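Here the structure is a predicted model, which is why all the values come from computation and not from measurement.
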Amino acid sequence: MRIAFFVNSIAGELGSGVPLDDLLKKYGISRRTFYREWEYHFSVSPTRYRLQEQIRRACQMLQNTAMSHGEIAALCGFKTVNYFYQKFKQETGVSPGEYRQTPKMF
């Protein structure tokens, strides 16, 4: 039960861009234990989950703020704006600018 709580806590922090190794150290969980529990609770890998959460947060910011794409990329944990653009378009099918003009559910 305790490990499941930690895995859910880690899931909550993954989308902010914190490296997984830092989170494992923070919660005192081995990589092997983490992955075993993660697979039990989630249907996607931690990397995929992180990307989905980052894109979800970016979509919210694009809809609800006037922040620049660079600011949004940084706040969502993307290292560069170009990488943010690339991943955003891959996941949503449109660029961040197009999404902002015609928001869709993601």
Counting distance only, does the side-chain N/O of [X] pair as donor-acceptor with the main-chain N or O of [Y] below 3.5 Å?
X: Asn64; Y: Gln60; result: yes
X: Arg50; Y: Val18; result: yes
X: Thr33; Y: Ile29; result: no
X: Glu98; Y: Ser95; result: yes

Legend entry - From CA spacing to verdict: side chain to side chain contact (heavy atoms under 4.5 Å, CB included), Tyr85, Thr80: CA-CA 9 Å; Tyr85 273 60; Thr80 68; over 6 Å; no
For the residue pair [X] and [Y], what are the closest heavy atoms and their distance?
X: Met67; Y: Leu75; value: SD-CD1, 3.5 Å
X: Tyr49; Y: Ala11; value: CE2-O, 3.2 Å
X: Cys76; Y: Ala58; value: SG-N, 3.5 Å
X: Ile72; Y: Arg100; value: CD1-NH2, 3.5 Å
X: Leu20; Y: Arg31; value: CD2-NH1, 4.1 Å

How long is the gap from [atom1] on [X] to [atom2] on [Y], to the nearest 0.5 Å?
X: Lys79; Y: Phe84; atom1: NZ; atom2: CZ; result: 15.5 Å
X: Glu53; Y: Leu14; atom1: CD; atom2: CG; result: 8.5 Å
X: Gln86; Y: Phe78; atom1: CD; atom2: CZ; result: 10.0 Å
X: Leu62; Y: Thr92; atom1: CG; atom2: OG1; result: 9.0 Å
X: Gln90; Y: Ile55; atom1: CD; atom2: CD1; result: 9.0 Å
X: Glu71; Y: Thr65; atom1: CD; atom2: OG1; result: 8.0 Å

Inset, instruction - Using ring-ring contact (aromatic ring centres under 6.0 Å, His included) as the criterion, list what pairs up with Phe34, not counting sequence neighbours. - result: Trp38
Legend entry - Residues forming a ring-ring contact (aromatic ring centres under 6.0 Å, His included) with Tyr35, sequence neighbours excluded: none
Legend entry - Set of side-chain hydrogen bond (donor to acceptor under 3.5 Å, both in side chains) partners for Glu13, sequence neighbours left out: Lys26, Tyr27
Inset, instruction - Check step by step if side chain to side chain contact (heavy atoms under 4.5 Å, CB included) holds for His69 and Phe88. - result: CA-CA 11 Å; His69 297 163; Phe88 192 93; over 6 Å; no
Can you find a heavy atom in the side chain of [X] that is under 4.5 Å from one in the side chain of [Y]?
X: Glu37; Y: Phe6; answer: no
X: Val44; Y: Gln52; answer: yes
X: Lys87; Y: Tyr83; answer: yes

